Amino acid sequence: MKINKTYIAPMVGRTDVFFRTLVRVISDSINLYTEMTTCDAYLYTDRKYYKVDENEHHISIQLAGSDPKKFSQCAKIIKNNGYDEININVGCPSSKVVKGAFGACLMEKPEILSSIVEEITEHTDIPLSIKTRLGLNYDENLDLLVNLITKTSAVGCQKFVIHARNAILGGLSPKKNRSIPKIRYDDAERITKMFPDLEFVINGEIGEVQSIEKHLDIFDGVMIGRKIYDDPVFIQNMQVHLDGKASQMTRLEILEKYLDAIQLMKHDKSNYLLLRHLFGLYYNTPKSKMWKKLLHQTISDDLSIDKLRKFKEH
Ligand SMILES: Cc1cc2nc3c(=O)[nH]c(=O)nc-3n(C[C@H](O)[C@H](O)[C@H](O)COP(=O)(O)O)c2cc1C
C-alpha cells in the first residue's frame, strides 16, 4: 500500500483531534500528525493527559523547544500516552519561535539538536524524526542541512521530513514563509542521495495525485498539508490513485460518520471547534457555497449539529 507512505502535515489550529477524526473517517491508513506543541505547553497543560485513540495510529506528536531535558521528560509521557513517534520541529520560522530559540533557528545549532535526540533516545525507545527546511534565509547552500543530518543521525535520528524550501527568519510571516522561499525538490532529492540509509519524507506544495506518485519514486514518504485541509476528500482520490481502493464514500456519508464520531467523544467544545474543519467538505463542487452557508449558520447561531445531516434536502 502506498497510502501508508503519506502523511498529514502538522498544522497549528488545524490538525487537532477533530480534524484527525475527520481524516480517519476518510482513511484508516494515512499517517497523522498533531499540531506543534512546545515542551512547556506539553508538560504544564492538559495536553499531557491526552491518550491517543486506537483509531489514530499511526500518529506522530510534534514537539518544539530547545531544552534537551524537557524533551526527554515529554518523551516518557508521550510514550505512555500511545503516540507512535515524536517529531522535532526545526522548521517553524515565526518570530515567537525565533525568540524562544527553537524551530527553524535550530538549523544553526545542530549540537543542541543532537543533545535533544540523545536525550530522547537514551531515556525512551519511542521512534523519532525531525521536520526541517532546506536552509535558512536566502542561502541555497545545503551545508546547514547536511551538517544537521550528519550530526543527528549519528546519535539516533533516522527519519527526516524535508519542507523543500528555506525558512526566512525575521521579516517574513509564517504564512509568507510557506510560499515565498521557492520550492526546491531537486535539492531535497540531492540530500537523499547523500544519505541513502536514512528515511526521507518530502513536503511542500504537493497537491496532485500524480505528483505524489512521482515523489514516492524518490522519497520514502510524502507529507501534505494545505491541499488536504482545503479539500479533505482529496484523500479519497489519493487512495484510488495510489492503491486502487475502489470503495468510496459520498460526502454525505463522510459527514454522517464524522458527526457520529464526534458525538461519541466526550467533550464540551463549541460548535465552532467541532465543525470548523468541515468547510472544505464540498470543495470545488456546486454545493460548496450552500454548504458553507449552512455551516456558518450552525456555528454562529449555535444550532444542533444534527441539522447538518439534512444537508442533501436543501
Ligand atoms: C495553518 C498552518 C499551520 C502550520 N503549523 C505547523 C506546525 O505546527 N508545525 C510544522 O512543522 N509546520 C506547520 N505548518 C507547515 C506545514 O506543516 C507544511 O510544512 C507546509 O504547509 C507546507 O506543506 P503544504 O504545502 O503541503 O501545505 C503549518 C502550515 C499551515 C498552513
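First listed ligand is number 1; within each ligand, the first listed atom is number 1. The structure presented is a predicted model; accordingly, all values stated were derived computationally and were not measured. Heavy-atom basis, side chains included; hydrogens, waters and symmetry copies ignored. This chain uses plain numbering: 1 for the first residue, then up along the sequence.
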Cation-aromatic face contact R47/Y42, 6.0 Å, 45 degrees: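 The answer is no; the distance or angle limit is not met.
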
Which protein non-hydrogen atom lies closest to [atom], naming both residue and atom, and how far is it?
atom                    : result
atom 7 (C) of ligand 1  : P10 O, 3.4 Å
atom 23 (O) of ligand 1 : N203 ND2, 3.0 Å
atom 9 (N) of ligand 1  : Q62 OE1, 2.7 Å
atom 30 (C) of ligand 1 : R178 CZ, 3.3 Å
atom 3 (C) of ligand 1  : V12 N, 3.3 Å
atom 20 (C) of ligand 1 : H163 CE1, 3.8 Å
atom 26 (O) of ligand 1 : G225 N, 2.8 Å

With atoms numbered from 1 as shown, which atoms in ligand 1 lie under 4.0 angstrom from a non-hydrogen atom of [X]?
X    : answer
E205 : 24 (P), 25 (O), 26 (O)
I224 : 26 (O)
M36  : 7 (C), 8 (O), 9 (N)
K131 : 10 (C), 11 (O), 12 (N), 15 (C), 16 (C), 17 (O), 18 (C), 19 (O)
R226 : 21 (O), 22 (C), 24 (P), 25 (O), 26 (O), 27 (O), 31 (C)
N89  : 9 (N), 10 (C), 11 (O)

Looking at [X] versus [Y], is the centre-to-centre ring distance below 6.0 Å?
X    : Y    : answer
Y282 : F311 : yes
F279 : H296 : yes
Y83  : H57  : no

Could you state whether L142 and I149 fall into the same hydrophobic cluster, counting links through intermediate Ile, Leu, Val, Met, Phe, Trp or Tyr residues with side-chain heavy atoms under 4.5 angstrom apart?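 Looking at the clustering, I149 is in the same group as L142.
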
Side-chain H-bond candidate by donor/acceptor type, D16 with H277, under 3.5 Å: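 Yes, because at least one side-chain N or O of D16 sits under 3.5 Å from a partner of the opposite role on H277.
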
So that I can tick it off, tell me whether K227 and D231 are bridged by a salt bridge, with the cut-off set at under 4.0 angstrom between side-chain N and carboxylate O.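 Looking at K227 together with D231, the answer is yes, because their closest N to O distance falls below 4.0 Å.
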
Is there a donor-acceptor pair closer than 3.5 Å between any side-chain N or O of N31 and the backbone N or O of T6?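 Checking the backbone N and O of T6 against the side chain of N31, a donor-acceptor pair under 3.5 Å is found.
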
Can you find an N/O atom of R14 closer than 3.5 Å to an N/O atom of ligand 1?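 No; every N/O pair is 3.5 Å or more apart.
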
Any idea which heavy atoms bring T15 and Y33 closest together, and the distance?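 Smallest interatomic distance, heavy atoms only, reads CB-O, 3.4 Å.
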
Tell me whether ligand 1 is touched by G91 - counting only heavy atoms on the residue side and a distance under 4.0 Å.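 Checking ligand 1 against G91, which is what was asked, there is no heavy-atom contact under 4.0 Å.
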
May I ask whether K227 places a heavy atom under 4.0 Å from ligand 1?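 In this structure, K227 fails to qualify as a contact of ligand 1 - no heavy atom is under 4.0 Å.
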
Checking salt bridge (Lys or Arg N to Asp or Glu O under 4.0 Å) for the pair R14/E35: CA distance, chi angles, key distance, verdict? CA-CA 7 Å; R14 295 187 175 182; E35 311 169 75; over 6 Å; no

